[in-house]
Amino acid sequence: MAILGQHKRSQVNGSFRPDAVGKSVVVFGWVQSYRDHGGVVFIDLRDRSGFVQLRCEPTPFAEAHAKANLVRSEWVIAARGTVISRGDNVNPKIPTGAIEIAVEELEILSEAQTPPFEIRDGIETNENTRLTYRYLDLRRPELNNNFVLRSKAYQITRQYFTGEQGFIELETPILMKSTPEGARDYLVPSRVHPGQFYALPQSPQTFKQLLMIAGMDRYMQICRCFRDEDLRADRQPEFTQLDLEFSFVTPEDIYSVMEGYVQRIWSEMLGYDLALPIRRMTFNDAMDKYGCDKPDLRFDLPLTDLTPTLKDRVEFRVFVDAIAKGGIVKALHLPNGETFSRKDLDKTFPEEAAPHGAKGVAWARVTATGEWTGPVAKGISEELRGELNALLGAKEGSLILFLADKPSVVNASLARLRLVAGERLGLIDANAWAFLWVTDFPMFEWGEDEKRWYAMHHPFTSPRVDQLQNLESDPGSVLAQAYDLVVNGIELGGGSIRIHRSDVQQKVFGLLGLSDEEAQQKFGFFLDALKYGTPPHGGIALGMDRMMMLLTHSASLRDVIAFPKTQKATDVMADCPSDVDEKQWADLHIAKRRV
RNA sequence: GGAGUGGUAGUUCAGUUGGUUAGAACGCUGGCCUGUCAAGCCAGAGGUCGCGGGUUCAAGUCCCGUCCGCUCCGCCA
């Protein structure tokens, strides 16, 4: 007689507690492990919720016991029996450890091959093997639980925005128009229109703005976005954004709604009480003090610009040359400098800084009398040294790291060294949450390669209204009404107040090197729409994958995406991308190029 | 496009200066065992050393090329 069909599942396996003792129950699951004592057989039966121990004795249920002798790891079985107390044999290490199920009937639903790796937490397995057998990797409790949490976060998100804050959830197209600027598009060839292509959205940017023009007022979507760029531990080619757009708002209104959101999420997901308001810092301050636009503020260790102090007063060759070429000299002051060995100075630090363009890392150690030792010491007068000690707060035992180069290299290198040093000095509290709004980004950055301005955020971002007059005369000085939300040094999201005037939008396109004709061809529909009564509006998008990475303390995005891609953007399980039939090529009017 | 790192049993790894039959742990298979819970004890099976080429009397080990995973730079409005 079959259990499935005759009986309903009583409860999930991880939920059994002493109050269930005496109940007749039916459970389903995978065999986590079996322990055959010759007589009694114990089976740990796992499902998504955890596992419960089954006890199979030869009498009086001989048939169930005989089947229990056959089962192996990862077989799928059903069991019917009675919950009993374990008496003196309680296992305090597991939630269901006070009880077990005395099995009366056991049914084998599915046998299983021996899996290529054990389905347990804490098993180190090659990423390639894990991804090839992703369905088995996902069966591991730790990974499995990430997706239970992800589902919970989605539910809280919808409740907060659509249930409480007046947003409506709307969908935007996946097949859309390819746009210039920004990341490389994934393209989809059109069968109906030979030689023409759709693009997958990098983000639904223009559509959500059109929804504001359409009077939707507040829009929310948990949407998939696609960018055909190279991958990182925190970057996948397809990823999920919480996409939001608000009408009739200032940045303050958006900060306020978002702060309420992250406070709610961190509270309900982790029981963490986030103090509001979230700290703010301008882009310029972030670059100046921390060398990057997403500083990890779980610890301080600020950078100090020494250029004005050193200019014309220093003989150390590297500094002199850098300043002469228009570069800068910045320092990272590390208290407890004795933590760092000569090997760190000669090898670790230069190797960490090199990928960011640094040709070397100069250093000085500070003695009890305020003297310096190390390569920099010679070129610095006693007076200047005293000034620098005061400026940096350096005292006995301090280590000072110097970088001299063009600003981009100095900042990127020292930002990296700051993280390395913070970690080595034990300054990073793994349980801390350092939230930060980075504000006042520049509108444009200069691109040397094509000798033109690029939008730092995106082309729809509004400049500060009081700087509109400088848009053409001095684009580099104009600040954007843009903001990023940073958590522990990770960019969780970003957004801006948008341009809602057709003439300003056209002017910005012009600055980005789009002729009126091109602008009309690429964005004509959008420029037209702006002319039909556009509410002032703005929005933000949060990376849901990155947020789950933070909430689950995962080291990689792959641990919070069910079916992620490898670093070469492939799916090794399904073997994708792959060849397609000649017929498909023909249907799409595409010819293979001879290579 | 570039840099680094790894690829040896099903899994994680060790493998010395190039030298006998490539090892360990876990897993797997069989046996024993009625209170285990990462069960225990006994026995056993299991290898294209990523792939191709080269040097050598001899290559897991050295050289060249190539493929794949991961981390990073470039790239990511």
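Worth knowing before you read on, the calculation uses all heavy atoms, side chains too, and leaves out hydrogens, waters and symmetry mates. Computed from a predicted model, the values in this text were never measured in an experiment. Labels below follow one simple rule: chain letters A, B, ... track the order of the sequence lines, proteins then strands, and each chain is numbered from 1.
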Can you tell me, in whole Å, how much space there is between the C1' of B:C72 and that of B:C28?
-> 39 Å
Among residues 37-47 of chain A, which residues get a heavy atom nearer than 4.0 Å to RNA chain B?
-> A:H37, A:G38, A:G39, A:V40, A:F42, A:D44
Between B:C37, B:C76, B:G69, which nucleotide gets closest to the side-chain atoms of A:K568?
-> B:G69
For A:N89 and B:A39, give me the distance from atom CG to atom P, rounded to whole Å.
-> 16 Å
Please lay out, stage by stage, how A:E352 and A:R416 fare under the test salt bridge (charged side-chain N to carboxylate O under 4.0 Å, His left out).
-> CA-CA 7 Å; A:E352 291 287 351; A:R416 175 68 203 149; 2.9 Å; yes
A:R86, nearest nucleotide to its side chain (from B:U34, B:U36, B:C70) = B:U36
What's the closest nucleotide to the A:D230 side chain, out of B:U36, B:U11, B:G74?
-> B:G74
With sequence neighbours left out, write down each residue that passes salt bridge (Lys or Arg N to Asp or Glu O under 4.0 Å) with A:R184, or none if nothing qualifies.
-> A:E229
Using residues 91-102 of chain A as the side-chain source, report each donor-acceptor pair under 3.5 Å to any protein atom, sequence neighbours left out, with the distance given to one decimal.
from   : atom 1 : to    : atom 2 : distance (Å)
A:N91  : OD1    : A:K93 : N      : 2.9
A:T96  : OG1    : A:F51 : O      : 2.8
A:E100 : OE1    : A:Q53 : NE2    : 2.9

Residue list, salt bridge (Lys or Arg N to Asp or Glu O under 4.0 Å) with A:D559, at least two apart or on another chain | A:R130
Tell me yes or no: between the side chains of A:Y290 and A:D296, is some donor less than 3.5 Å from an acceptor?
-> no
Rounded distance in Å between the P positions of B:G4 and B:G10 = 31 Å
Where do A:S203 and A:Q241 land on the side-chain hydrogen bond (donor to acceptor under 3.5 Å, both in side chains) test, with the steps shown first?
-> CA-CA 8 Å; A:S203 89; A:Q241 281 192 347; 5.0 Å; no
Paired nucleotide for B:C75 [Watson-Crick or G-U wobble; both distances under 3.5 Å] = none
Which value, in whole Å, describes the distance between the C1' atoms of nucleotides B:U55 and B:A59?
-> 10 Å
In terms of side-chain geometry, is the basic nitrogen of A:D230 or A:R235 positioned less than 4.0 Å from the acidic oxygen of its partner?
-> no
C1'-based separation of B:A43 from B:U36 [nearest Å] | 22 Å
Is there a donor on the side chain of A:R558 or the base of B:C70 sitting less than 3.5 Å from an acceptor on the other?
-> no
Between atom CD in A:Q32 and atom C1' in B:C26, what is the gap in whole Å?
-> 15 Å
With heavy atoms under 4.0 Å as the rule, sort A:S33 into base, sugar-phosphate or nothing.
-> sugar-phosphate
Round to the nearest Å and state the distance from A:Q113 atom CD to B:G46 atom P.
-> 19 Å
Provide the distance between the two C1' atoms, one in B:G65 and one in B:G46, to the nearest whole Å.
-> 32 Å
Applying side-chain contact (heavy atoms from CB on, under 4.5 Å) to A:A66 and not counting sequence neighbours gives none
Please work out which residues in residues 231-241 of chain A have a non-hydrogen atom less than 4.0 Å from an atom of RNA chain B and list them by number.
-> A:R232, A:A233, A:R235
Near RNA chain B, under 4.0 Å by heavy atom, which residues of residues 66-78 of chain A?
-> A:R72, A:S73
Look at A:R35 and B:A39 and indicate whether a side-chain polar atom (N or O) is within less than 4.0 Å of OP1 or OP2.
-> yes
Report which part of the nucleic acid A:E100 touches: base, sugar-phosphate, or nothing (heavy-atom distance under 4.0 Å, all strands).
-> base
First encountered from the 5' end of RNA chain B, between A:F117 and A:S203 | A:F117
When the ring planes of A:F460 and A:H458 are compared, do they come out parallel, tilted or perpendicular, using 30° and 60° as the limits?
-> tilted
Residue set satisfying side-chain contact (heavy atoms from CB on, under 4.5 Å) with A:A421, at least two apart, ordered chain then number -> A:L301, A:L334, A:F340
Looking at side-chain heavy atoms only, is the closest gap between A:Y186 and A:E238 below 4.5 Å?
-> no
Residue set satisfying side-chain contact (heavy atoms from CB on, under 4.5 Å) with A:Q481, at least two apart, ordered chain then number -> A:P251, A:S462, A:R464, A:V465, A:I497
Taken in chain and number order and not counting sequence neighbours, the residues that satisfy salt bridge (Lys or Arg N to Asp or Glu O under 4.0 Å) with A:E57 are A:R55
Would you classify A:T570 as touching base, sugar-phosphate or nothing, given that sugar-phosphate means primed atoms plus P, OP1 and OP2, and contacts are heavy atoms under 4.0 Å?
-> sugar-phosphate
Lys/Arg-Asp/Glu bridge criterion (N-O < 4.0 Å) met for A:K359, A:D405 | yes
Select base, sugar-phosphate, or nothing to describe what A:P459 touches, counting heavy atoms under 4.0 Å on all strands.
-> base
If you look at every strand shown and take non-hydrogen atoms under 4.0 Å, does A:E57 touch a base, only sugar-phosphate, or nothing?
-> base
Using a cut-off of less than 4.0 Å, is there contact between a side-chain N or O of A:T114 and OP1 or OP2 of B:G10?
-> no
Salt bridge (Lys or Arg N to Asp or Glu O under 4.0 Å): pairs with one or both residues in residues 509-519 of chain A, sequence neighbours excluded | none
Decide if atom CD of A:E423 counts as having more than 12 heavy atoms of other residues, nucleotides or ligands within a radius under 6.0 Å.
-> no
When rounded to whole Å, the OH to P distance for the pair A:Y454 and B:C75 reads 10 Å
Any residue of residues 119-134 of chain A with a heavy atom less than 4.0 Å from an atom of RNA chain B | A:R120, A:E124, A:T125, A:N126, A:E127, A:N128
How far, in whole Å, is B:C26 from B:C41 if one measures between their P atoms?
-> 9 Å
Pair A:R17 + A:D19: basic N to acidic O under 4.0 Å | no
B:A39 and B:C49: how far apart are their P atoms, nearest whole angstrom?
-> 33 Å
Closest-nucleotide 5' rank along RNA chain B - winner of A:F51 and A:P116 | A:P116
Atom CE of A:M456 and atom P of B:C76: how far apart are they, to the nearest Å?
-> 12 Å
If you measure from the P atom in B:G1 to the same atom in B:A38, how many Å do you get, rounded?
-> 49 Å
With heavy atoms under 4.0 Å as the rule, sort A:D36 into base, sugar-phosphate or nothing.
-> base
Separation of B:C37 atom P from A:I94 atom CD1, nearest Å, is 11 Å
